[in-house]
Amino acid sequence: MKDHRPMRMSRYFLPVLKETPREAQIVSHRLMLQAGLIKQASAGIYSWLPMGYKVLRRIEQIVHEEQARAGHLAMLMPTMQSADLWRESGRYDAYGDEMLRVKDRGGRDMLFTPTAEELVTDVFRANVNSYKDLPLTLYQIQWKFRDEVRPRFGVMRGREFLMKDGYNFDLTKEDALHAYNRHLVTYLRTYERMGLQAIPMRADSGPIGGDDTHEFLVLAETGESEVFYDSQITELTFGDREIDFDDRAACQAVMDEFTSRYARTDETHDAALFAQVPEERRRTARGIEVGQIFYFGTKYSEALGATVQTRDGDSVPVHMGSHGIGVSRLLGAIIEASHDDKGIIWPEGVTPFHVGILNMRAGDAGCDAVCEDLYAQFQAAGLDPLYDDRDERAGAKFGTMDMIGLPWRITVGPRGVKNGVVELTCRRTGEAEDMSVSDAVAKIKAIYAGI
RNA sequence: CGGGGCGUAGCGCAGCCUGGUAGCGCAUCUGUUUUGGGAACAGAGGGUCGUAGGUUCGAAUCCUAUCGCCCCGACCA
């Protein structure tokens, strides 16, 4: 988080709303508006205000780090595409009104990217001709647009959304299924680092096409999908295990482990199969989809002529899959899964600031000095504090800090300063403890050392 | 895309039925007093009432059109 610098709230732009915005129906949307993370620009389209943008970048960073770990290569493709490639794949007419179509000044058909199979396949076919260049996985994190009939739930179902979309190119189906497994592993790690439990569930392939596909769902009461699962699945965690992404058996083992229990959405639910799960382990709940992986074989490589030469000199279409993570949607999902009646509770992995420093008496020489000291020490430790130095009432400051949901808060008041202590409070549990400045700094450093 | 609702100050709302030159709370600015869970008092600024037509002596209010946003459903990452 080297791009982050400590910040004084008096100089920050944090338009916290005291009243509930009228349009927000679900808790994550309401809290994102109230905490000053986003501002609606148009139906399903949002501006990301400084603190919301910070969380968005943090989520992107985690996605990038986990993709890099698996050897997947980041790139960036355009938001505006020519219709030509989509005519070549046959999807221009198939896609429907969700695709935003426009004409440029020359009358040429253009579209705002809803997904990039065609673009990435075009990059591939122009540059890769030999089996020796495989396997290859390219991905991007880019804004997409789908002209939803009825956008709602804030960033959970916007029209414009930030998405990680990755594409694997492999010589054989077996190779491509290894890529599929590899993605499952990276996704499990990614979500866990964000403080989420996302369960892979067998899914429908929809307009992308293909047979093998899993969706990743975060359990939340406000989820859009009804889900059915074996309670054993929620006991699985990825943890610190080291995975060699070139080890097919290891990746397959993770796939088997995380998909062997019954876990399906209402789209693919099979009541007869579900009935075989012991009754005490059957669960019905709601979930938010935060990612999906597909293997679709040669659908696009055949249509677009993405072929490679084999060792025998044959020309064969490559086996492909695509893999998505709803980056902007994840903010909503995280908040749905982590909040209380006072506001957001950010997991340490994605929090916009590591710790809040709350000066109870701005202007008091003793309090100011202790706050400045904390601020400097966190900065020196590479941590990113938010210092509430405003001349506000205590209640207003506590209210703001609770609303924006920083996981740790240090309260500095005249009473404590006199006794040489500050108060460290955990946002999630509300537990508070008085301790010296150096102990508070050490404790925060220790908490973030493992994240 | 079917059904419904709403556009009045930065935010949340009243006023509209029964036309008469716009109001409340919060927020903002000034001052004083306050100060460990969203302070009190005094004062101040801020709105061509979504837009365009029409009716009328006069329209936030009535009529027509149009744009935008929201909700339910169908659809979907």
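Keep in mind that what you see is a predicted model, and the values were worked out from it rather than measured. All chains are named by letter (A, B, ...) in the order of the sequence lines, taking the proteins before the strands, and each is independently numbered beginning at 1.
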| query | Reckon A/Ala394 touches a base, only the sugar-phosphate, or nothing at all at heavy-atom distances under 4.0 Å? | reply | sugar-phosphate
| query | So, A/Thr234 side chain and A/Ser231 main chain: donor-acceptor pair closer than 3.5 Å or not? | reply | yes
| request: Pick the C1' atom in B/C11 and in B/C63, then give their distance to the nearest Å. | output: 32 Å
| Nearest to the side chain of A/Val149 - B/C1, B/G36, B/C71? | B/C1
| request: Identify whether any heavy atom of A/Gly326 sits under 4.0 Å from a base atom; if not, whether one sits that close to sugar-phosphate; answer base, sugar-phosphate or nothing. | output: nothing
| query | Is it true that the NZ or CZ of A/Lys164 lies under 6.0 Å from the centre of A/Tyr139's six-membered ring and within 45 degrees of the ring axis? | reply | yes
| query | Only one of A/Thr113, A/Asp109, A/Thr115 forms a side chain to side chain donor-acceptor pair (under 3.5 Å) with A/Gln81, so which one is it? | reply | A/Thr113
| query | If you check every side-chain atom of A/Ala43, which of B/C69, B/A74, B/C75 has the closest atom? | reply | B/C69
| query | Taking OP1 and OP2 of B/G38, is either one under 4.0 Å from a side-chain nitrogen or oxygen of A/Arg393? | reply | no
| task | Considering only atom P, compute the distance from B/A60 to B/U55 and round it to an integer number of Å. | result | 16 Å
| field | Whole-angstrom distance between B/A74 and B/U56, as gauged at atom P | value | 48 Å
| From the list B/C76, B/C71, B/G36, which nucleotide is the closest neighbour of the side chain of A/Met360? | B/G36
| Between A/Lys18 and B/A27, is there a side-chain N or O to OP1/OP2 distance below 4.0 Å? | yes
Donor-acceptor contacts, no H, no angles, side chain residues 264-274 of chain A, under 3.5 Å, sequence neighbours left out:
unit_1: A/Arg264; atom_1: NH1; unit_2: A/Thr268; atom_2: O; d: 3.0
unit_1: A/Thr265; atom_1: OG1; unit_2: A/Glu267; atom_2: N; d: 3.3
unit_1: A/Thr268; atom_1: OG1; unit_2: A/Arg202; atom_2: O; d: 2.9
unit_1: A/His269; atom_1: ND1; unit_2: A/Tyr262; atom_2: OH; d: 2.8
unit_1: A/Asp270; atom_1: OD1; unit_2: A/Ala272; atom_2: N; d: 3.0
unit_1: A/Asp270; atom_1: OD1; unit_2: A/Leu273; atom_2: N; d: 3.1

| task | Please tell me which of the listed nucleotides, B/C1, B/G37, B/U35, lies nearest to the side chain of A/Phe398? | result | B/G37
| field | Phosphate contact (B/C13 OP1 or OP2) by A/Arg22 side-chain N/O below 4.0 Å | value | yes
| Quick one: which of B/A74, B/C70, B/G37 gets closest to the side chain of A/Glu23? | B/C70
| task | Under 4.0 Å between any heavy atoms, over every strand shown, what does A/Glu423 touch: base, sugar-phosphate, or nothing? Just pick one. | result | base
| query | Is A/Arg30 touching bases, backbone alone, or none of the nucleic acid, heavy atoms closer than 4.0 Å? | reply | nothing
| query | Of all the nucleotides listed (B/A74, B/G12, B/G37), which has the minimum atom distance to the side chain of A/Glu19? | reply | B/G12
| message | By nearest atom, which of the nucleotides B/G38, B/G37, B/G73 is closest to the A/Asp402 side chain? | response | B/G37
| task | Describe the nucleic acid contact of A/Thr400 in one word from base, sugar-phosphate, nothing, applying a heavy-atom distance below 4.0 Å. | result | base
| message | On the nucleotide B/G68, are OP1 or OP2 found under 4.0 Å from the side-chain N or O atoms that A/Ser42 carries? | response | no
